[in-house]
Peer 1: 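Provided herewith is a single structure, encoded as structure tokens, for subsequent inquiry.
So you know, we letter chains A, B, ... as the sequences are listed, proteins then strands, and number each from 1.
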There are 2 protein chains.
Amino acid sequence: VSNIQDFHSGRGMNLENEINESNKFYRAGDYALIYKKPTPVQVVRVDYPERRRAKIVEAYYRTPSTTDYNGVYRGKYIDFEAKETKNKTSFPIYLIHPHQIEHLKKVKFHGGIGFFIIRFTSHNETYLVDAPLLIEKIETIKRESIPYDWFRENGHIIKEGYQPRLQYLKVVDKLYFS
Amino acid sequence: VSNIQDFHSGRGMNLENEINESNKFYRAGDYALIYKKPTPVQVVRVDYPERRRAKIVEAYYRTPSTTDYNGVYRGKYIDFEAKETKNKTSFPIYLIHPHQIEHLKKVKFHGGIGFFIIRFTSHNETYLVDAPLLIEKIETIKRESIPYDWFRENGHIIKEGYQPRLQYLKVVDKLYFS
Ligand SMILES: [Mg+2]
Ligand SMILES: [Mg+2]
């Protein structure tokens with residue numbers, strides 16, 4: 001129940017939760033088949049306190065080699081990374097890791113659709129930005145961060161609603177299928 | 001070093017390892033961008049014995065909602081599940097879980113390429129089988145297992161080599177791109 005209340009009010013939902021909810025909606029309606037990849041965990045030791053269920057008692061988070069989300073939509077491979085910042089005037093580049101950039105370059109190379117979903121929490125705004133475009137900016141800008149205005153000009157606002165919470169596939173339609 | 005020896009001899013490599021090695025090769029050569037999805041783990045408790053590294057001290061394996069592998073190849077979304085059996089005369093259907101069938105049906109629906117890689121270890125043979133084809137067989141056969149001969153007729157032998165170990169993209173080329 002508390003989940004549903006959070007969902008209604010939007011409180012307690014961070015970007016990742018909202019994307020997960022939206023993907024669930026998109027999957028249930030057969031709009032798209034997109035999942036969050038599980039966080040990779042290196043398991044060192046497992047106990048079997050009850051016969052039926054393995055209990056992991058020592059494990060460590062590993063650095064993912066790829067991005068947060070992937071799947072298929074309208075016959076195309078979809079791959080994206082989600083980031084949020086509290087900064088008002090710019091997006092810190094360090095939030096995007098080199099392996100994520102490399103991965104999204106390869107997505108493009110192989111004919112997939114790659115993008116970022118970037119939220120400025122202080123502005124209550126979420127942008128979809130084409131991966132090659134943002135990567136080019138990252139690789140040419142002579143600063144540690146990208147101005148907020150750049151996203152207003154080059155990103156695409158994702159409308160928020162009830163279902164799905166984040167209507168990001170509408171932006172994908174406009175940007176990659178029209 | 002022992003890894004390399006295992007790799008050469010083929011000993012100590014199970015199907016999943018061989019696919020992982022093959023995908024690494026395919027990625028390194030920019031042939032395809034396909035990864036094994038991490039096993040989902042539900043983390044219950046984390047300690048911080050050293051300041052820098054989180055140690056997971058209680059966690060449980062969760063049932064994956066999808067398949068083992070996905071990615072992009074020649075502009076198409078690729079999704080597959082790998083299974084091996086020691087059985088000589090048939091493949092037990094229970095090895096394929098209902099959620100894997102449902103997922104691969106949706107892959108097809110959304111225009112992706114879905115298949116199974118099935119290894120009969122006793123025959124030293126690995127087959128690629130189109131997912132819709134095997135799923136139809138599973139849903140119509142009145143037995144708990146599918147005869148080995150069915151795979152000989154409807155599957156496609158994956159050649160094994162040094163690099164990549166399993167040349168499964170050659171079968172994908174023939175089956176889905178020609
Ligand atoms: Mg992220
Ligand atoms: Mg498997």
Peer 1: Going by the angle between their ring planes, with limits at 30° and 60°, are B:His123 and B:Tyr148 parallel, tilted or perpendicular?
Peer 2: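 The rings of B:His123 and B:Tyr148 lie parallel, inter-plane angle below 30°.
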Peer 1: Whether the side chain of A:Ser22 engages the backbone of A:Leu166 through a donor-acceptor N/O pair (distance < 3.5 Å, no angle test) should be reported.
Peer 2: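 Yes; at least one donor-acceptor contact below 3.5 Å.
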Peer 1: Taking side chain as everything from C-beta outward and backbone as N, CA, C, O, which of these in B:Tyr60 sits under 4.5 Å from a heavy atom of chain A? Side chain, backbone, both or neither.
Peer 2: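 Backbone plus side chain of B:Tyr60, per the 4.5 Å heavy-atom cut-off to chain A.
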Peer 1: Mind checking whether A:Tyr73 and A:Phe177 have ring centres under 6.0 Å apart?
Peer 2: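 For A:Tyr73 and A:Phe177, the ring centres are under 6.0 Å apart.
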Peer 1: Which atoms of B:Asp30 are under 4.5 Å from chain A, going by heavy atoms: the side chain, the backbone, both sets, or neither?
Peer 2: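 Both parts, heavy atoms under 4.5 Å.
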Peer 1: So, B:Asp173 versus B:Tyr168: side-chain donor-acceptor pair below 3.5 Å or not?
Peer 2: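 No - no donor-acceptor pair under 3.5 Å links their side chains.
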Peer 1: A:Ala32, A:Pro64, A:Gly112: which one forms the most heavy-atom pairs within less than 4.5 Å of chain B?
Peer 2: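 Heavy-atom pair counts peak at A:Ala32.
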Peer 1: Is A:Thr126 reaching over with its side chain to a backbone N or O of A:Ile158, donor-acceptor style, under 3.5 angstrom?
Peer 2: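 Side chain of A:Thr126 to backbone of A:Ile158: no pair is present.
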Peer 1: So which residue, A:Arg53, A:Arg45, A:Arg74, A:Glu58, ends up with the most heavy-atom pairs under 4.5 Å with chain B?
Peer 2: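 Sorted descending by pairs with chain B, the first entry is A:Arg53.
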Peer 1: Sort B:Val44 into side chain, backbone, both or neither according to what part of it lies under 4.5 angstrom from a heavy atom of chain A.
Peer 2: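 Nothing of B:Val44, per the 4.5 Å heavy-atom cut-off to chain A.
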Peer 1: Which region of B:Val41, side chain (C-beta onward) or backbone (N, CA, C, O), has a non-hydrogen atom less than 4.5 Å from a non-hydrogen atom of chain A, or is it both or neither?
Peer 2: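 The side chain, not the backbone.
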Peer 1: If you count heavy-atom pairs under 4.5 Å with chain B, which of A:Val57, A:Ile78, A:Ile113 comes out on top?
Peer 2: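 Answer, by heavy-atom pair count under 4.5 Å with chain B: A:Val57.
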Peer 1: Under 6.0 Å from the six-membered ring centre of B:Tyr35 and within 45° of its axis: does the NZ or CZ of B:Arg27 meet both?
Peer 2: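 Yes.
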Peer 1: At a heavy-atom distance under 4.5 Å, which candidate from A:Gly111, A:Ser65, A:Ala59, A:Gly75 has the highest pair count against chain B?
Peer 2: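 That would be A:Ala59.
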